[in-house]
**Q** 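A single structure is presented below for examination.
Start at 1 and go down the list; that is how both ligands and their atoms are numbered. Heavy atoms only: backbone and side chains are in, while hydrogens, waters and symmetry mates are out. Treat the numbers as computed from the prediction; the structure is a model and nothing was measured.
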Amino acid sequence: MPHVKELLETLEYGPAPEGEELAIRWLEDHSRRFGHFVGGEWTEYDDAGSMSVQNPSRNAELARMSVASPEVVDTAVAAARKALPAWGKLGGTGRARILYALARQIQKHSRLFAVLESLDNGKPLRETRDLDIPLVARHFYHHAGWARLLESHAPGYGPVGVVGQIIPWNFPLLMCAWKVAPALATGNTVVLKPAEFTPLTALLFGELCARVGVPAGVVNILTGGGETGAALAGHPDVDKVAFTGSTEVGRILRRQTAGSGKRLTLELGGKSPFLIFDDADLDSAVEGVVDAIWFNQGQVCCAGSRILVQEGMEETLIARLRRRMENLRMGDPLDKGVDMGAIVAPVQLERIRSLVEQGEAEGAQIWQPSWAVPAKGCFYPPTLCTGVSPASLLAQVEIFGPVVTVLTFRTPDEAVELANNTRYGLAASIWSENINLALDIAPRIHAGTVWVNCTNLFDAASGFGGVRESGFGREGGEEGLWEYLRPVKAPAPVAWLRERRKKQGNVSADEGRDAEGTAPTGLAPFPIPGEDSGSGSAALDRTAKLYIGGKQVRPDGGYSLVVTDPKGHPISEVPRGNRKDIRNGVEAARKAQGGWGATAAHTRAQILYYLAENLEARSGEFQARLREVVGASRKDARAEVEAAVERLFVYGGWADKWEGRVHPTPFRNVTLALPEPVGVLGLIAPPERPLLAAISLLAPALSMGNTAVLVPSEPAPLLATDLYQILDTSDVPGGVVNIVTGGSRELAGVLALHDDVDGVWAFGSAELAREVEAQSAGNLKRTWVNYGIPMAWDDPQVAQGPAFLRHATRIKNIWVPYGA
Ligand code: NAP
Ligand code: MG
């Protein structure tokens with residue numbers, strides 16, 4: 001008889017399958033055929049063009065779903081629009097009750113949800129049961145609380161309106177909750193499109209909505225493919241599009257919605273670094289890798305897919321990882337003892353295979369455990385790739401599967417450099433027992449979330465979202481609420497633009513500006529033959545230059561623009577900046593950004609105060625300029641300069657007071673929500689209020705540690721060029737402010753297109769807004785535009801304060817564990 005010890009060592013796990021009867025019964029109750037959930041009711045299943053819903057672990061059909069045509073999208077958006085006023089009137093407490101009810105119902109039916117999710121997606125039940133569904137309930141509870149608190153927390157703010165929400169297949173119900181909970185809490189109504197691979201739990205959620213009394217039309221759920229998503233995003237009566245998915249589709253949506261007035265948030269892909277320093281607790285780090293890349297079969301946008309390990313540790317790490325990989329269990333996702341389930345669909349499986357093969361062909365060494373994956377179903381083994389170079393395919397492309405690469409670094413600086421060597425910026429993990437080191441590295445990594453000695457932790461109290469090509473916007477936490485709110489006093493952009501079109505009868509009339517996008521008002525292109533040969537009339541002697549890197553510089557092209565007074569008399573010339581000048585400005589701003597961003601807030605405040613004092617000292621001059629250039633009355637000119645001085649003082653005050661938060665996340669840690677500067681900002685000042693508006697943009701940007709390339713008011717750029725000396729004498733470091741005069745739309749387009757610009761704020765016409773939003777799709781920089789909606793620059797309630805600071809910063813959440 002074998003010894004007990006021996007028995008324990010050789011004992012195989014028996015299968016421990018979860019029953020699926022409940023889920024099957026639910027499917028059968030619907031005859032495995034689903035319509036859409038619109039206006040509180042189910043539409044008839046429509047076989048025409050319907051799609052198959054598959055269980056990828058068995059390659060078997062679970063059900064069929066209808067595909068929403070543009071007409072169905074139209075009906076759903078109309079239902080959401082109709083429901084909006086009453087939903088708002090219900091108030092925070094009324095909405096909170098409904099969100100609580102949803103949370104409770106999800107808990108009560110958690111087993112059904114967990115099994116259904118596992119069947120549809122292929123992910124292990126252990127994950128849906130212990131992670132996805134509890135987090136879904138948590139999101140609804142958390143946002144029920146916000147619904148109640150909103151009135152006092154965000155006075156003057158209300159819902160954005162009807163929101164089109166498009167989600168991926170990797171966390172189907174969780175993504176649904178991340179989208180729906182904050183939208184409902186803030187009084188919006190939604191039309192949600194789940195991914196075509198995984199519609200079932202969203203459909204079940206629709207049923208719960210009807211059961212708990214979510215008013216008809218507040219939540220609408222449409223199934224279908226990318227075309228349904230495109231129709232939803234493109235619908236003219238949608239006020240906001242909230243998207244989670246690939247960077248590729250994110251880019252399409254950015255272009256599609258450009259200029260429409262729709263708010264947009266994008267949660268996109270990633271290639272997140274997993275840094276292991278030589279003082280890390282290696283056993284924990286190995287378990288961390290399991291959670292980082294083998295959790296959900298690696299189909300996680302923030303998967304730690306790039307291990308960066310300190311030299312000297314590599315061999316030990318790889319040996320331990322291999323041992324651990326041998327012990328991972330893969331199989332029927334409903335088996336409670338299984339670590340890894342199936343890949344969501346054959347096409348994803350093929351994609352993973354093909355990428356790994358390409359990586360191997362590029363010279364990477366591929367290692368997989370000795371056990372065989374189940375013969376039937378979409379299974380791919382955990383995979384470890386070594387011998388990859390930082391620029392190789394495997395280290396750069398998001399694989400979205402259980403595939404991890406290992407690279408080494410020598411010093412912390414090199415670790416940061418390698419970590420940031422990606423187009424993405426979603427998340428990172430840092431493993432070190434030295435808290436000083438970890439907290440020194442965390443702020444230096446481009447990512448929305450940084451986990452210290454942990455990974456893939458989520459909570460409703462902590463915002464989630466990316467930077468760079470991982471998108472913009474946050475979901476969850478206080479920071480996520482603002483994505484669904486807008487000032488109630490300001491018009492809703494989509495409706496405002498529609499009204500304007502109606503009034504004008506014809507949009508193209510407004511778009512008939514000159515080919516290069518320079519507005520003709522008051523400015524005429526004026527070629528100067530070269531300075532030495534003299535430049536025309538004596539009245540035009542005072543030719544300003546550009547201001548780049550702290551110096552006045554000549555423009556690249558030999559063109560100037562004549563600035564005239566309101567009667568059309570020439571006053572002066574300014575350079576007509578071009579692409580090259582903008583590039584130089586951006587380069588200078590980039591060079592200065594690290595230093596300025598790291599400058600103590602106290603010091604930035606002092607510099608803003610100094611600017612204010614110096615502007616005040618020259619108030620008379622600026623007032624005279626305003627009278628001359630825009631024909632301002634004495635009173636108005638004085639008021640504008642005074643307001644500009646005041647604004648500089650106010651943001652000097654804010655510099656060390658726009659604080660982060662500490663999110664009370666569970667799991668023995670605290671989460672530091674740190675506002676960071678966005679980086680290099682392009683600022684396009686509107687034509688009006690040429691001094692005050694420019695300062696209103698510059699001051700918050702600088703206060704928060706951004707550097708800027710400012711394109712001043714096109715008809716009245718002299719108010720900005722007159723600032724050069726003030727900037728010089730106020731200790732503003734060279735490169736922090738760069739000023740390029742010229743055609744606003746032309747230069748805005750160049751800034752929006754520039755890959756080293758992190759954000760563009762463009763105030764001016766609707767066409768300017770369209771240009772900026774469309775051109776920003778390249779690196780998916782953040783944009784902030786007003787679509788030509790009049791802006792009360794004189795009103796500090798509107799043109800100064802937290803809204804500007806939120807645009808000037810982005811939240812990085814750093815999860816810091818505690819416990820000995
Ligand atoms: P995807 O192709 O971008 O699809 C996402 C959603 O968009 C699906 O519902 C899809 O419909 C829909 N869609 C496709 N084309 C569209 C279009 N032209 N217009 C509007 N909607 C369109 O991404 P996926 O392959 O499903 O998901 C994987 C990606 O999502 C990965 O890159 C991952 O990193 C990212 N992701 C990011 C996060 C995050 O929070 N940042 C979270 C999860 C996943 P169909 O399903 O019918 O194609
Ligand atoms: Mg499926």
**Q** May I ask you to check whether F400 and Y380 place their ring centres under 6.0 Å from each other?
**A** no

**Q** Counting backbone and side-chain atoms alike, is an N, O or S atom of F197 positioned under 2.8 Å from the Mg ion (ligand 2)?
**A** yes

**Q** Looking at K123 and D132, is any side-chain nitrogen of the basic one under 4.0 Å from a carboxylate oxygen of the acidic one?
**A** yes

**Q** Under 6.0 Å between ring centres, would you say that holds for F34 and W26?
**A**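 Yes; W26 has its ring centre under 6.0 Å from that of F34.
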
**Q** Run the numbers for me: atoms of ligand 1, each under 4.0 Å from some heavy atom of E267, listed by number.
**A** 37 (C), 38 (C), 39 (C), 40 (O), 41 (N)

**Q** In this structure, does ligand 1 have an atom that sits under 4.0 Å from one of the heavy atoms of F197?
**A** no

**Q** Note the single closest protein heavy atom to atom 27 (O) of ligand 1, along with its residue, its atom name and the distance in Å.
**A** P168 CB, 3.6 Å

**Q** Tell me whether E61 is salt-bridged to R32, with the criterion being a basic N under 4.0 Å from an acidic carboxylate O.
**A** no

**Q** Looking only at heavy atoms, is any part of F243 under 4.0 Å from ligand 1, and if so is it the side chain, the backbone, or both, or is it neither?
**A** side chain

**Q** In terms of residue, atom name and distance, what is the protein heavy atom nearest to atom 21 (N) of ligand 1?
**A** G229 CA, 3.6 Å

**Q** Could an N or O of ligand 1 be found under 3.5 Å from any N or O of C301, whether backbone or side chain?
**A**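 N/O-N/O distance below 3.5 Å does not exist for this pair.
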
**Q** Does even one non-hydrogen atom of F464 get within less than 4.0 Å of ligand 1?
**A** yes

**Q** Return a yes/no value for G245: is any of its N or O atoms, backbone included, closer than 3.5 angstrom to an N or O of ligand 1?
**A**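 Yes - when backbone and side-chain N and O of G245 are compared with those of ligand 1, one distance drops under 3.5 Å.
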
**Q** When you draw lines from the Mg ion (ligand 2) to O of D120 and to O of Q54, what angle lies between them, to the nearest 10°?
**A** 80°

**Q** With atoms numbered from 1 as shown, which atoms in ligand 1 lie under 4.0 angstrom from a non-hydrogen atom of N170?
**A**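 Numbered from 1, ligand 1 contributes 43 (C), 44 (C).
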
**Q** Would you mind checking if R474 and E479 are paired as a salt bridge, meaning a charged N to carboxylate O distance below 4.0 Å?
**A**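 Answer for the salt bridge query: no.
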
**Q** Using distance alone, determine whether S246 and ligand 1 share an N or O pair under 3.5 Å.
**A**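 By distance alone, the answer is yes.
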
**Q** Distance alone, cut at 3.5 Å: any donor-acceptor contact between the side chains of H235 and D74?
**A**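 A pair is found: one side chain offers a donor N or O, the other an acceptor, under 3.5 Å apart.
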
**Q** Would you please determine whether G224 falls within less than 4.0 Å of ligand 1 on a heavy-atom basis?
**A** yes

**Q** How are the rings of W42 and H30 set relative to one another: parallel (under 30°), tilted (30 to 60°) or perpendicular (over 60°)?
**A**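 If you compare the ring of W42 with that of H30, the planes turn out perpendicular.
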
**Q** For atom 13 (N) of ligand 1, which of the options A427, G226, G164 provides the nearest non-hydrogen atom?
**A**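 Among A427, G226, G164, the closest heavy atom to atom 13 (N) of ligand 1 comes from G226.
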
**Q** For atom 19 (N) of ligand 1, which of the options A195, A230, G448, G471 provides the nearest non-hydrogen atom?
**A** A230

**Q** What atoms in ligand 1 come closer than 4.0 Å to a heavy atom of L426?
**A** 41 (N)

**Q** Measure the CD-CG distance between E398 and L426 for me, rounded to the nearest 0.5 Å.
**A** 8.5 Å

**Q** As a quick check of understanding, evaluate salt bridge (Lys or Arg N to Asp or Glu O under 4.0 Å) for E248 and R251, giving each step before the final call.
**A** CA-CA 5 Å; E248 187 192 349; R251 232 175 236 131; over 6 Å; no

**Q** Considering only the protein, which heavy-atom contact is closest to atom 28 (C) of ligand 1, and what is its distance?
**A**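 Sorting protein heavy atoms by distance from atom 28 (C) of ligand 1 puts F400 CE2, 3.5 Å first.
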
**Q** Centre-to-centre under 6.0 Å for F464 and W178, is that the case here?
**A**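 F464 vs W178: aromatic centres under 6.0 Å.
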
**Q** Can you find a side-chain donor-acceptor pair between T75 and E71 that sits under 3.5 Å?
**A** no

**Q** Ligand 1 and E196, any nitrogen or oxygen pair closer than 3.5 angstrom?
**A**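 Right, the criterion is met.
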
**Q** Just to confirm my output: which protein heavy-atom neighbour is closest to atom 41 (N) of ligand 1, and how far is it?
**A**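 Checked against all protein heavy atoms, atom 41 (N) of ligand 1 sits closest to L268 O, 2.7 Å.
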
**Q** Do ligand 1 and W169 have nitrogen or oxygen atoms that lie under 3.5 Å from each other?
**A**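 Yes: some nitrogen or oxygen of W169 is under 3.5 Å from one in ligand 1.
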
**Q** Please find the pair of heavy atoms, one from H139 and one from A177, that lie closest to each other, and give the distance.
**A**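 Smallest interatomic distance, heavy atoms only, reads CB-CB, 4.3 Å.
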
**Q** Run the salt-bridge test on E350 and R353 with the 4.0 Å N-O cut-off and return the result as yes or no.
**A** yes

**Q** Starting from atom 12 (C) of ligand 1, find the nearest protein heavy-atom neighbour and note its residue, name and distance.
**A**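 That would be I166 CG2, 3.6 Å.
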
**Q** Where does E398 meet ligand 1, judged by heavy-atom distances below 4.0 Å: at the side chain, the backbone, both, or neither?
**A** side chain

**Q** Is any N or O atom of K193, backbone or side chain, closer than 3.5 Å to an N or O atom of ligand 1?
**A**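 Yes - when backbone and side-chain N and O of K193 are compared with those of ligand 1, one distance drops under 3.5 Å.
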
**Q** Can you check which of I167, L232, V300, V249 brings a heavy atom nearest to atom 6 (C) of ligand 1?
**A** I167

**Q** About how many Å separate CG of L222 and CG of L203, when rounded to the nearest 0.5 Å?
**A**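 That separation rounds to 10.0 Å.
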
